[in-house]
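Encoded as structure tokens, the structure appears first; notes follow it.
Values in this document were obtained by computation on a predicted structure and should not be read as measured data. Letters A, B, ... mirror the listed sequences (proteins, then strands); counts begin at 1.
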Number of protein chains: 2
Amino acid sequence: MTKPGAKAAASPRERLLAATMDHVTRHGIGELTLRQLAKALGTSHRMLVYHFGSKEGLLTEVVRRSEAEQRAFTAQLMADTGTPPIEQARRLWSQLADNEMWPRERLFFEVYAQALRGRPHTRALLDEIVDAWLEPLVAINRRNGMARDDARAAARLSLAVTRGLLLDLLATQDRKGVDAAMEHFLTSYAPLAGTGAKKQKRRSRP
Amino acid sequence: MTKPGAKAAASPRERLLAATMDHVTRHGIGELTLRQLAKALGTSHRMLVYHFGSKEGLLTEVVRRSEAEQRAFTAQLMADTGTPPIEQARRLWSQLADNEMWPRERLFFEVYAQALRGRPHTRALLDEIVDAWLEPLVAINRRNGMARDDARAAARLSLAVTRGLLLDLLATQDRKGVDAAMEHFLTSYAPLAGTGAKKQKRRSRP
DNA sequence: CGGCGTATGTACCATATGGTACATGTACCG
DNA sequence: CGGTACATGTACCATATGGTACATACGCCG
């Protein structure tokens, strides 16, 4: 049992996984082969199979790790309770839309597509790929006085807007245009939440 | 030169392509191999290479065909000028969200992810994967009296909402929940367009 | 020291893949 | 009839893949 005095370097398995995450984020997960990966990491595919059991095992671990990062991100979302919601949304968006996040998002949508096909290594993900994000958003909306159902619908909408605009951004790389659309959403729509306007949807003509 | 009196059956290439579209819609395009496909179509991978030059050639053709279908769909959107925009949006959504469309949308997002990775057979798609849909939406918004910039931002937003909610739907299969979010969007936000409200975003506090 | 668990390197295997060579069929057109 | 273009079937090839067998290093603990 490895318990070296200084934790200078993590376990080899951990190092391999971290390097794999990096490689996969950059080059995608769909075309991944053990040999190419191993060569890029300066090891042999033999070691990957040794430490992860199989290619499937590796992929499963990669997805698990991605989920963990995502959870950390949403947790950070939850932690910030002081900021007004629209400003909070702007910050969140500017984090997500940043160039440096693009590779991660490309990977996210790639894995998302695989999950929609039921690929085995994504089984754990499909259950929470929406809900894990929904919960904190619902909480924020409720905290701002929205009724339960509205809070949920609005959260779902916000999530959809965010992912939809990210898809747009990654394809067009038009940061300005996408920012404008998000701003359009935030300034025209979201304010309704803060003003305590409840269930006005019945009144078809104001 | 094949010009049979009755066009009973299209060219073999065309039949193969149609069958491939069907197969790929059902089983995905990421894991596709010529041999498996050929077996499913009751032919040999030899013929696929013969008629499409290579696997890449086949994939390119599949993507091209998908684009064509998409264009037909948006054209239908453009044609309908009489319906009020919100009702038009509801119809569009109910078409897209229908169970029968799910396989197509799964394929769409799968190909989208590949396009984001720069896969060669998707090159033609990346340019228009947003714009092709944006144009008709912008036109509708303009027709309803929105200023150029607002029309564009709103169109972009609508597209993002639609795609984001489709992603949600495909993952959660929660049609009710997603419908509620869309309705939330349509009833709370879109009405702003019809009322001739222009450029109100400057007024930071009403 | 000696054994033992973790880790790694080398070589190999069965299988699947995309693509090709060659032969064969089939239908139309002169 | 005979040829010619399109179409198809059979067999093959080089390559790449995931996985495994075997040998071997390294470091710790008794």
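Taking atom CG of B:L17 as the reference point, atom P of D:dA7 lies 14 Å away to the nearest angstrom. In this structure, B:F52 places its CZ atom 13 Å from P of C:dG19, rounding to the nearest Å. For the pair A:M47 CE and D:dG18 C1', the computed distance is 16 Å after rounding to whole Å. When the P atom of C:dG9 is taken as reference, atom CG of A:L41 falls 12 Å away, rounded to whole Å. The OH-P distance, from B:Y50 to C:dT24, rounds to 17 Å in whole Å. Taking atom CZ on B:R13 and atom P on D:dT8, their separation rounds to 13 Å, with Å as the unit. Between the CG atom of B:L58 and the P atom of C:dT17 there is a distance of 15 Å, given to the nearest Å. The distance from atom CG of B:L37 to atom C1' of C:dG19 is 16 Å, rounded to the nearest whole Å.
Contact between the side-chain N/O atoms of A:H51 and the OP1/OP2 oxygens of C:dT8 is found at a separation under 4.0 Å.
Side-chain proximity of A:T33 to the nucleotides D:dG18, C:dT8, D:dT8 is greatest for D:dG18. Comparing atom distances between the A:R15 side chain and each of C:dG9, D:dT8, C:dT8 picks out C:dT8 as nearest. Of the candidate nucleotides D:dT10, C:dG19, C:dT6, D:dT10 has the atom nearest to the side chain of B:S44. The side chain of A:L34 lies closest to D:dG19, out of D:dG9, D:dG19, C:dT10. Which of C:dG19, C:dA21, C:dT8 sits closest to the side chain of B:R46 comes down to C:dA21. The B:K55 side chain lies nearest to C:dG19 when the options are C:dG19, D:dG9, D:dG19. When the nucleotides D:dA21, C:dA7, D:dG18 are ranked by their closest atom to the side chain of A:P12, C:dA7 comes out on top. With D:dT20, C:dG9, C:dG19 as the candidates, the nucleotide lying closest to the side chain of A:V49 is D:dT20.
A salt bridge is absent between A:R117 and B:E31; no separation between the charged side-chain nitrogens and carboxylate oxygens falls under 4.0 Å.
Partner B:R175 forms a side chain to side chain contact (heavy atoms under 4.5 Å, CB included) with one of B:V178, B:T172, B:D179 and no other, that one being B:D179.
In the model, B:Q114 has a side-chain atom that pairs as donor or acceptor with a side-chain atom of B:H121 under 3.5 Å.
Here A:F108 pairs with A:Y112 under the ring-ring contact (aromatic ring centres under 6.0 Å, His included) rule; sequence neighbours left out.
Residue A:Q36 is in sugar-phosphate contact alone, with no base atom involved, counting any heavy-atom pair closer than 4.0 Å across all strands shown. When heavy atoms are screened at a 4.0 angstrom cut-off, A:H45 is found touching base atoms of the nucleic acid.
Pairs engaging residues 94-104 of chain A under the side chain to side chain donor-acceptor pair (under 3.5 Å) rule: A:Q76-A:Q95 [sequence neighbours left out].
Within 3.5 Å, a donor on the side chain of B:R35 pairs with an acceptor on the base of C:dG18, or the reverse.
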